[in-house]
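Sequence lines set the chain letters: A, B, ... in the order given, protein chains first and strands last, and positions in each chain run from 1. It should be emphasised that the depicted structure is a prediction, and the values quoted were computed from it without experimental measurement.
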Amino acid sequence: MDERYDPKKVEPRWQKYWEEHDTFRAGSDDREKFYCLEMFPYPSGRIHMGHVRNYAIGDVIARYKRMKGYNVLHPMGWDSFGMPAENAAIKHGVHPSKWTYENIDYMKTQLKRLGLSYDWSREVATCNPSYYRWNQWFFIKMLEKGLAYRKSSYVNWCPSCETVLANEQVIDTRCWRCDNVVVQKELFQWFLKITHYAEELLKGCGELTGWPEKVVVMQKNWIGKSHGVEVDFRVDGMDEVIRIFTTRPDTLFGATFICLSPPHPVSRKLVADKAALEKVTAQYGKVDEKIGLFTGHYCINPMTKEKIPVYVANFVLMEYGTGAIMSVPAHDQRDFDFAQEYGLPVRVVIAPEGAAHGQPPLQEAYEEAGFLVDSGEFTGMQSGEAKEKIIEYIEQNGLGKKVVNYKLRDWGISRQRYWGTPIPVVYCEKCGIVPVRESDLPVILPEDVKFTGTGGSPLLVAESFLKTSCPACGADARRETDTMDTFVDSSWYFIAYCMGLDHLSFTEGAAVPELKYWMPVNQYIGGVEHAVLHLLYSRFFTRVIRDLGLTAVNEPFTNLLTQGMVIRDGAKMSKSKGNVVDPDYLIEKYGADTSRLFSLFAAPPEKDLEWSDKGVEGAFRFLSRIWNLSSKFSKEIGGVSSSVDGAEVSPAGRGLLRKTHQTIRKVTNDIGRELHFNTAIAALMELANEMNAFAPGDEKDFAVFRFALESMLLMLAPFTPHLAEELWEGIGCSDACVSQEKWPVWDEELAKDEETELVIQVNGKMRGKLMVAAGLPEERLKETALGDAKIIEAIAGKQIRKVIVVQGRLVNIVAG
RNA sequence: GCCGAAGUGGCGGAAUUGGCAGACGCACUAGAUUCAGGUUCUAGCGGUGGAAACGCUGUGGGGGUUCGAGUCCCCCCUUCGGCACCA
């Protein structure tokens with residue numbers, strides 16, 4: 001073994017060993033399984049520090065669970081459809097396929113250099129036809145079940161990406177990918193009916209006990225359930241009814257006007273001035289400005305029988321509720337603002353308790369609950385009671401009904417781009433929209449197309465792709481040219497891993513044994529940016545797959561860890577800021593083990609990690625110390641057994657033995673229970689410090705040292721596997737590699753302190769410390785404390801009122 | 001505006017059930033090794049007063065509960081994240 005720690009000599013050797021020995025290949029057996037998964041990367045070209053951190057976390061868990069005796073599935077793959085590949089094609093003339101596979105090749109070598117314990121035999125790439133054919137199959141099944149459909153609607157259009165975006169993919173009016181402002185455009189699009197599962201997805205949130213609370217809250221808010229009532233307002237002098245939705249039936253008496261969404265069918269019927277309607281419609285979906293247009297018509301408020309004007313307003317959403325609202329300016333700030341702008345009456349119908357009658361005009365809307373005023377027979381009721389009674393009245397009089405609404409919309413999956421899964425339908429003049437036959441799947445994305453960057457998707461002019469025959473009647477037909485949102489690909493890849501790309505196959509109604517064994521994912525790790533996007537889609541897909549009879553699992557991810565970002569100088573690493581740390585450079589300079597160790601040590605996984613070059617050096621220094629430590633007594637511990645009887649060892653040896661058992665206990669709990677790798681590593685550093693200071697005297701001491709060293713290497717194995725392997729072999733434990741060893745166990749007896757430090761307080765202030773034998777009874781502790789010279793002095797002249805004793809820790813004397 | 005999380009040394013961060021605040025690491029200081037720099041080793045390291053022993057003070061701010069509060073309760077401030085015309 002070399003004098004100095006040189007990771008470049010160590011790491012490739014063990015990477016080769018693991019690969020040759022198939023060390024991390026997983027197969028079903030009768031052990032308890034553990035499925036550990038990190039979010040797969042987009043093959044952008046090279047990995048970044050965020051990946052290193054994400055995969056280091058996952059790898060520690062996978063390796064730890066393996067050593068704990070679980071049958072661990074730890075796969076990796078590529079989210080390999082998407083726009084960057086297509087943009088590269090447009091810009092540099094490389095085919096997206098070539099670009100993508102070259103990136104995958106390079107990134108795979110990078111991941112291998114990190115020593116991650118993946119079962120590469122299960123690798124998937126979503127751009128592989130063997131993979132995306134099942135996207136198409138799921139789509140067809142959903143089409144059959146009415147869960148996929150096509151409709152025209154206003155959709156989010158990103159002018160820069162030249163494609164449509166789902167609601168989840170618009171972040172603060174901007175495109176999630178390119179950050180450009182999104183506009184509304186009316187288009188025919190394919191949708192997946194995620195709303196069919198709205199209630200179940202909401203209820204399922206209750207099962208997500210292993211998820212961060214904030215992610216569950218975000219999912220709930222996104223689904224956005226609300227209870228309310230739909231009420232019909234008759235248009236005066238016309239045979240027309242406007243149905244509105246409200247969550248505040250208690251304010252019905254205060255409705256002084258009606259607002260319609262611009263795309264609402266009734267808007268067109270009521271407004272004579274089409275040009276004016278066009279103007280309002282143009283502003284539909286814009287957040288900055290509220291504008292309205294009086295239709296010239298009135299509705300009858302069903303409660304007050306008053307005539308109230310009908311407006312078309314740009315801020316009323318067609319997609320939510322009924323596309324029409326009643327406006328109650330006294331009790332809704334938006335309506336209040338609108339009423340001020342257009343000179344509409346404000347009628348107070350809710351008053352806070354004890355409010356005097358005949359209040360001055362409102363300065364702002366009163367949105368709280370309260371007591372009803374000027375509300376006919378409901379006057380005097382509390383809001384909550386009034387809601388129920390008014391709903392009852394509405395239902396009994398045939399004016400409307402109680403309803404539940406969700407903010408969640410169906411998932412628009414059509415993308416007007418090339419590099420994605422072709423949507424497997426054809427358009428036939430005679431038969432309309434016809435799905436491709438299952439036996440004809442996959443619909444292959446044609447390779448031979450031109451990337452001009454203008455005029456939309458290259459598929460629009462790919463004649464050989466476009467032209468086909470109708471699966472139903474055989475006549476000439478045209479293929480759908482839209483491809484699927486790449487979030488479809490990632491919504492079930494964790495299911496694909498259970499089978500591997502070569503064995504992917506589903507038959508409706510036939511449960512898949514591999515899914516039964518491996519699903520659900522026990523531990524999922526990834527960035528919080530997918531809190532609603534990918535995680536919601538995956539929960540949806542898992543239910544669809546369940547309802548196809550392929551699995552019994554409802555929730556795909558039992559435990560979720562959302563790791564923080566890697567930042568530098570307080571900001572996210574980015575090329576433009578010039579603060580990027582390159583993993584290749586880091587591995588070259590310090591090795592994979594140091595890179596992994598620092599990523600895990602510098603912060604708990606869920607928090608942001610501030611990068612520190614000096615900190616990396618500290619991690620390297622620690623590993624060098626371990627390296628030196630293992631050869632320090634190599635002769636003396638060479639033939640020694642590490643099993644020791646604590647009773648026969650010198651006091652110093654007993655100390656190290658105790659520390660070792662305590663460290664095993666702490667590291668096991670920190671990893672196993674809390675996923676607190678930073679404190680686990682700190683504990684290993686403490687043990688290393690004690691080992692360094694340890695001066696063995698006799699053979700028994702060397703046995704203790706050997707035990708400490710072996711335990712250290714076993715516990716380091718999940719964090720810094722190459723170093724652990726090398727040293728494990730070096731001290732002659734070479735029959736099995738350390739990655740396949742058993743995790744060490746501690747002995748509670750040997751971990752017990754013989755002495756503890758007793759803190760003595762007087763009136764809550766620390767006045768003395770004493771070493772006392774562990775396990776002394778309370779009385780003895782009290783006597784000891786009261787007998788201490790310093791304490792006698794501190795309480796001199798005072799009367800002892802009370803003495804509080806905390807077993808083995810502290811005595812507090814209350815005196816005055 | 002609404003919802004959520006977090007505020008601890010110069011920095012990253014530790015602290016079962018309320019029980020020694022600052023583990024571990026980084027930076028820094030002093031000493032040893034070295035021609036020197038780096039490395040490595042030893043020691044120190046919240047603030048403040050003191051030569052020292054030791055004292056006082058200290059976990060964003062203010063109140064409270066308690067023998068005892070970083071931890072529990074109330075109010076406030078700041079930062080970060082999410083949602084935001086959802087009627």
Which nucleotide, [options], lies nearest any side-chain atom of [X]?
| X | options | answer |
| --- | --- | --- |
| K802(A) | C67(B), C85(B), A15(B) | C67(B) |
| V814(A) | C67(B), C24(B), A27(B) | C67(B) |
| A602(A) | C83(B), G12(B), G4(B) | G12(B) |
| K407(A) | G19(B), C83(B), A87(B) | C83(B) |
| N812(A) | A87(B), A14(B), C67(B) | C67(B) |
| K214(A) | A27(B), G12(B), G4(B) | G4(B) |
| P604(A) | G13(B), C24(B), G19(B) | G13(B) |
| L317(A) | A87(B), G12(B), C20(B) | A87(B) |

Just say parallel, tilted or perpendicular for the rings of H331(A) and Y366(A), cut-offs at 30° and 60°. perpendicular

Between W176(A) and F487(A), how do the two ring planes meet: parallel, tilted or perpendicular, split at 30° and 60°? tilted

Side-chain donor/acceptor contact of K614(A) with base of C11(B) under 3.5 Å: no

Within the modelled atom types, does a donor on one side and an acceptor on the other bring the side chain of E757(A) and the base of C20(B) under 3.5 Å apart? yes

Should [N] form a Watson-Crick or G-U wobble pair with both distances under 3.5 Å, which nucleotide is its partner?
| N | result |
| --- | --- |
| U40(B) | A32(B) |
| G49(B) | C54(B) |
| A15(B) | none |
| C20(B) | none |

Can you tell me how far [atom1] in [N] sits from the matching atom in [M], rounded to whole Å?
| N | M | atom1 | value |
| --- | --- | --- | --- |
| G61(B) | C11(B) | P | 15 Å |
| U78(B) | U33(B) | C1' | 49 Å |
| G4(B) | U16(B) | P | 25 Å |
| A5(B) | U29(B) | C1' | 38 Å |
| G70(B) | C20(B) | P | 10 Å |
| G13(B) | A23(B) | C1' | 10 Å |
| G9(B) | G63(B) | C1' | 27 Å |

Nearest-nucleotide check on RNA chain B, I681(A) vs K666(A); residue mapping nearer the 5' end is K666(A)

Closer to the 5' end of RNA chain B via nearest nucleotide, is it V217(A) or V528(A)? V217(A)

[atom1] of [X] versus [atom2] of [N]: gap in Å, rounded?
| X | N | atom1 | atom2 | answer |
| --- | --- | --- | --- | --- |
| E213(A) | A6(B) | CD | P | 11 Å |
| I813(A) | C67(B) | CD1 | P | 16 Å |
| F622(A) | U40(B) | CZ | C1' | 17 Å |
| K632(A) | U40(B) | NZ | P | 16 Å |
| E610(A) | G12(B) | CD | C1' | 8 Å |
| F598(A) | A27(B) | CZ | C1' | 13 Å |
| E367(A) | A87(B) | CD | P | 12 Å |
| R665(A) | U16(B) | CZ | C1' | 11 Å |

Out of F294(A), Y311(A), F257(A), which residue meets the ring pair (Phe, Tyr, Trp, His ring centres under 6.0 Å) rule with Y342(A)? Y311(A)

Are [X] and [Y] ion-paired here, with the side-chain N under 4.0 Å from a carboxylate O?
| X | Y | result |
| --- | --- | --- |
| R243(A) | D232(A) | yes |
| R809(A) | E757(A) | no |
| E686(A) | K666(A) | no |
| E367(A) | R248(A) | no |

Look at [X] and [N] and indicate whether a side-chain polar atom (N or O) is within less than 4.0 Å of OP1 or OP2.
| X | N | value |
| --- | --- | --- |
| K769(A) | C20(B) | no |
| S612(A) | A27(B) | no |
| R767(A) | C20(B) | no |
| K765(A) | U57(B) | yes |
| R621(A) | C26(B) | yes |
| N678(A) | A14(B) | yes |

Does a side chain donor of either Q184(A) or N156(A) reach within less than 3.5 Å of an acceptor in the other side chain? yes

